[in-house]
Amino acid sequence: MDEPRTNPLLYRPDGEPVRVLVVDDEPDVTDVLAGVMGGEGWQVRTAADGASALEAARAFRPDAVVLDWMLPDLDGLQVLRALRRETPHVCVLFLTARDAVEDRIAGITAGGDDYVTKPYSLEEVLARLRGLLRRAGMTAQAGTDRLTVGDLTMDEEAREVRRAGVAVELSRTEFELLRFLMRNPRRVLSKAQILDRVWAYDFGGRAHVVELYISYLRKKIDAGRTPMIHTVRGVGYVLKPDAP
């Protein structure tokens, strides 16, 4: 079984989540990348062509753009040049099947910051993005390794959890499950997503494992208090503060 991911979370300097725009005309690609980046706690928008990418960039103001070279209307270089005119400091990571040296030079010359050739690993894409964002000074690492949702706090380094100031003892698996929920507050997470990120299992008949550990967490986190862990029937689970 794979160990849970240990990379520190990144935030914008104002404490808000990192914003990433993923541009690719293959829905499977954008869905997978958006899911993985969501697991980082980042806000993600997707676009399937150049025109919608530029429109999304104006509204979303991303910190980074993951940009496919080949799009149905504009090519990646045209999109990049337009992005640079409107948001000159945004980080741009090209995804492409074109690995010729001249193509790489063209991408970097046009203002691309980095280049990943298909097929690629998801961890490589995340690592490249983290590096770009840090070097650009557009993110800050969580200095205290502390997550807070309502009156629930988690010190990731000390592996301590408190609710309303009262310590909560959790097993290793309970801690990892709660950490995933706290990194995605107010976001409904499916059982498949939870299995993949906490247990590293492919989804298939193991929903009862998630249900079991959610029940364990509820007994420790929500017992005698306003519930924070909610079931969205037919979809999954969401962690929300006990006050609006």
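Hydrogens, waters and symmetry mates are skipped; everything else that's a heavy atom, side chains included, is used. Residues take their numbers from the sequence shown, with the count starting at 1.
A salt bridge links E124 with R128; the closest basic N to acidic carboxylate O contact falls under 4.0 Å. Ion pairing between E86 and R61 fails under the 4.0 Å rule for side-chain N and carboxylate O. Salt-bridge annotation for D222 and K240: absent, with no side-chain N of the basic residue lying under 4.0 Å from a carboxylate O of the acidic one. Under 4.0 Å is where a charged nitrogen must lie from a carboxylate oxygen, and between D63 and R19 no such pair does.
Note on I214 and V238: separate hydrophobic clusters, where clusters join Ile, Leu, Val, Met, Phe, Trp and Tyr whose side-chain heavy atoms are under 4.5 Å apart, directly or indirectly. In the hydrophobic clustering of ILVMFWY residues, with side-chain heavy atoms under 4.5 Å counting as a link, V166 and F175 come out apart. By the criterion of side-chain heavy atoms lying less than 4.5 angstrom apart, applied directly or through intervening Ile, Leu, Val, Met, Phe, Trp or Tyr residues, V198 is not grouped with V235; the two fall into different hydrophobic clusters.
Of all heavy-atom pairs between A53 and L21, the closest is O-CD2, 3.5 Å. V90 approaches R84 most closely through the heavy-atom pair O-NH1, 2.5 Å. When all heavy atoms of L129 and W42 are compared, the closest pair comes out as CD1-CZ3, 3.9 Å. What you find for V116 and V125 is that their closest heavy atoms are CG1-CG2, 4.5 Å. When all heavy atoms of L152 and M182 are compared, the pair lying nearest together is O-CE, 3.5 Å. Closest non-hydrogen pair, L126 versus E40, comes out as CD1-OE2, 3.9 Å.
The line from CG of D25 to CG of D49 is 8.5 Å long, rounded to the nearest 0.5 Å. Within the model, atoms CG of D113 and SG of C91 stand 5.5 Å from one another, a figure rounded to the nearest 0.5 Å. To the nearest 0.5 Å, atoms CG (D75) and CG (L67) are separated by 9.0 Å. Of the inter-residue distances, the one linking F180 atom CZ with L239 atom CG reads 12.0 Å to the nearest 0.5 angstrom. Remark: L71 CG to D24 CG distance equals 7.0 Å, nearest 0.5 Å. Taking OG1 from T173 and CG from L178, the interatomic distance works out to 12.5 Å, rounded to the nearest 0.5 Å.
You'll find the side chain of P62 stays beyond 4.5 Å of the side chain of V20, heavy atoms only. A 4.5 Å side-chain heavy-atom check between E174 and V161 finds every atom pair outside the cut-off. For the pair L170/L217, a side-chain contact is recorded, criterion being any heavy-atom separation below 4.5 Å from C-beta on. No side-chain heavy atom of F94 sits under 4.5 Å from any side-chain heavy atom of T117.
Remark: Y216 pairs with Y213 by the ring-ring contact (aromatic ring centres under 6.0 Å, His included) rule, at least two apart or across chains.
Identified under the side-chain hydrogen bond (donor to acceptor under 3.5 Å, both in side chains) test for residues 229-238, with sequence neighbours left out: R218-T231.
Between the side chain of D155 and the backbone N or O of A158 there is at least one donor-acceptor pair closer than 3.5 Å.
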